[in-house]
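Note that ligands are numbered from 1 as they come in the structure, with each ligand's atoms numbered from 1 the same way.
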Amino acid sequence: MNLNVLVLPGDGIGAEVTREAVLVLRHVAEKWNHPLTLAEGLLGGIAIHRTGSPFPEETACLAAAADATLMGAVGLPEFDNAPPEKRPERGLLAIRQALGVFANLRPVRAYAALLDSSPLKNHLVEGTDMIIVRELTGGIYYGTPRGIFEDGGETRAVNTMTYTRSEIERVAHTAFHLARGRRNKVTSVDKSNVLENSQLWRRVVCEVAREYPDVELDHLLVDNCAMQLILNPRRFDIVLTENMFGDILSDEGAVLAGSIGMLPSASIGARKPSGAYVGLYEPVHGSAPDIAGQNKANPLGAIGSVAAMLAYSFGLTAESAAVAKAIEAVLASGHVTADLRPSGTPATTEQVGQAVRLAIG
Ligand code: IPM
Ligand code: MG
């Protein structure tokens with residue numbers, strides 16, 4: 001199978017973790033004899049510097065032409081006070097929308113080897129294995145009207161949380177479909193005691209659930225969910241939620257996994273006629289400018305995102321499983337980056353990447 005992949009390293013540690021992820025991808029392609037075509041493009045702060053736009057037209061064309069896109073991270077402190085449309089993050093929102101990747105899958109697993117890396121007690125975290133399915137191209141991130149307005153002598157800021165029935169339906173189908181390959185349980189998270197938006201969310205999720213009678217559905221309010229994630233993480237299989245709630249809850253999930261550097265993500269849209277998904281793959285972590293360029297960042301979230309790409313965009317489940325297994329082997333060896341608080345000298349980004357390739361064999 002020909003793997004036609006666009007790489008967008010982005011900002012900060014994005015470049016170094018993506019380098020390791022690409023080396024793993026090359027290694028897999030060679031080992032299993034898949035021709036690999038790589039293109040590289042600009043996204044985020046680096047794209048603003050070089051072209052004036054966080055999501056240049058050229059990147060849009062490259063992404064449309066690729067079967068899958070692997071992204072690093074975006075964001076640089078120098079843009080902290082820039083208006084939203086001139087920030088690196090806008091590039092990320094734009095590419096998600098351009099690719100139509102409406103479902104963001106963020107698996108959260110407590111690896112046995114990392115139980116001590118989590119600040120939570122082992123007995124709480126042990127056995128955690130969930131996927132947060134975050135709606136990614138709707139809600140308050142994209143709703144209009146938005147902006148900061150002068151209004152009768154007062155300054156007012158407005159954002160709009162909006163969802164349509166079809167936006168909720170399609171991401172709910174993704175969640176129920178995924179649950180079937182796992183423990184058959186979906187927890188839908190909303191704020192329906194306050195927001196009309198969430199009332200529609202809950203109603204539509206219940207309707208979709210009728211098509212999946214074999215999958216158990218329950219509902220949690222987002223504030224309670226934030227608490228249950230820490231108190232009883234094993235109760236979750238698939239967590240289905242809207243864009244901003246998912247953004248927040250998935251960082252909380254990072255605490256269960258030991259480090260945000262561990263978390264991969266797959267943003268998928270519609271299925272192509274081949275059955276594969278259009279996909280954008282990125283670690284959940286940000287650009288971490290404070291440690292950028294120091295060969296310290298954990299590349300396992302990025303490498304895990306390659307595993308997700310192999311499975312969802314290319315249907316290469318054996319290859320994907322081999323990468324996932326190699327990640328576990330490296331974790332078990334204890335030769336990991338500083339964020340995972342190893343007992344000995346922390347490994348570098350490059351060393352961890354190389355260890356993964358060796359473990360794949
Ligand atoms: C994420 C990030 C992004 C988001 C930012 C960088 C725009 O926090 O992917 O979780 O909020 O979606
Ligand atoms: Mg986030």
Would you kindly say whether Asn4 and Thr37 are connected by a side-chain donor-acceptor distance under 3.5 Å? no
Distances under 3.5 Å, N/O of ligand 1 against N/O of the protein: list each pair and its distance.
residue  : atom   : partner : partner atom : Å
ligand 1 : 8 (O)  : Asp247  : OD1          : 3.2
ligand 1 : 9 (O)  : Arg96   : NH2          : 2.8
ligand 1 : 9 (O)  : Arg106  : NH2          : 2.8
ligand 1 : 10 (O) : Arg106  : NH1          : 3.1
ligand 1 : 10 (O) : Arg106  : NH2          : 3.1
ligand 1 : 10 (O) : Arg134  : NH1          : 3.3
ligand 1 : 10 (O) : Asp247  : OD1          : 2.8
ligand 1 : 11 (O) : Tyr141  : OH           : 2.6
ligand 1 : 11 (O) : Asp247  : OD1          : 3.4
ligand 1 : 12 (O) : Arg96   : NH1          : 2.7
ligand 1 : 12 (O) : Arg134  : NH1          : 3.2
ligand 1 : 12 (O) : Arg134  : NH2          : 2.8

Main chain of Gly361, side chain of His27: is a donor-acceptor contact present, judged purely on distance under 3.5 Å? yes
If we ignore angles and hydrogens, is there a donor and acceptor under 3.5 Å between the side chains of Thr128 and Arg234? no
Ignoring hydrogens and geometry beyond distance, is a side-chain donor-acceptor pair present between Asn243 and Tyr142 at under 3.5 Å? no
Go through the side-chain N and O atoms of Ser192 and Arg202 and say whether any donor and acceptor fall under 3.5 Å apart. yes
Without hydrogens or angle criteria, can the side chains of Asp237 and Asn184 be said to hold a donor-acceptor pair below 3.5 Å? no
Does a salt bridge link Arg235 with Asp218, judged by any charged N lying under 4.0 Å from a carboxylate O? yes
One should read off an interatomic distance between Ile260 CD1 and Asn298 CG, to the nearest 0.5 angstrom, of 11.0 Å
Mind listing the protein N/O/S atoms less than 2.8 Å away from the Mg ion (ligand 2)? Waters don't count. Asp247 OD1
Distance from His49 atom NE2 to Asp11 atom CG, nearest 0.5 Å? 7.5 Å
